[in-house]
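What follows is a set of notes on a single structure, which appears directly below.
Below, all heavy atoms of this structure are taken into account, side chains as well, without hydrogens, waters or symmetry copies.
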Amino acid sequence: MPSRPTREPNVMALLGLLAVLVIILTSGIAMYVTYQHPTLAQPLTVAAGVAAVLLTAVGVTRR
């Protein structure tokens, strides 16, 4: 029976860093847009809430 392939720890660290950078970039863009266009604050808040729920669901199913 073949064993399950393992990922390199360095690759996992790199993927984690990349995910954090994407989250920071997205958050910065959202903050800038809501600063420039205050009427978009509520739709962006709703979108961020939906994205957080989806990311949580993905994180739970990956375990």
Side-chain angles (χ1 to χ4, degrees):
M1 176 154 87
S3 64
R4 187 173 159 188
T6 59
R7 293 187 176 143
E8 290 283 331
N10 292 338
V11 173
M12 295 304 290
L14 184 63
L15 287 175
L17 179 63
L18 182 64
V20 168
L21 290 175
V22 167
I23 290 169
I24 290 172
L25 178 67
T26 305
S27 299
I29 290 170
M31 286 191 316
Y32 175 77
V33 168
T34 55
Y35 179 76
Q36 292 295 321
H37 306 284
T39 57
L40 292 177
Q42 187 172 0
L44 283 174
T45 302
V46 171
V50 170
V53 169
L54 291 175
L55 286 173
T56 303
V58 168
V60 168
T61 58
R62 295 285 297 179
R63 289 185 177 196

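Val33 and Leu44 get closest at one heavy-atom pair: CG1-CD1, 3.9 Å. In this structure, Thr39 and Pro43 approach most closely via the heavy-atom pair O-CD, 3.7 Å.
Once rounded to the nearest 0.5 Å, the distance linking OG1 of Thr34 with CD1 of Ile29 reads 12.0 Å.
Within a 6.0 Å radius of CD in Gln36, more than 12 heavy atoms belonging to other residues, nucleotides or ligands are found.
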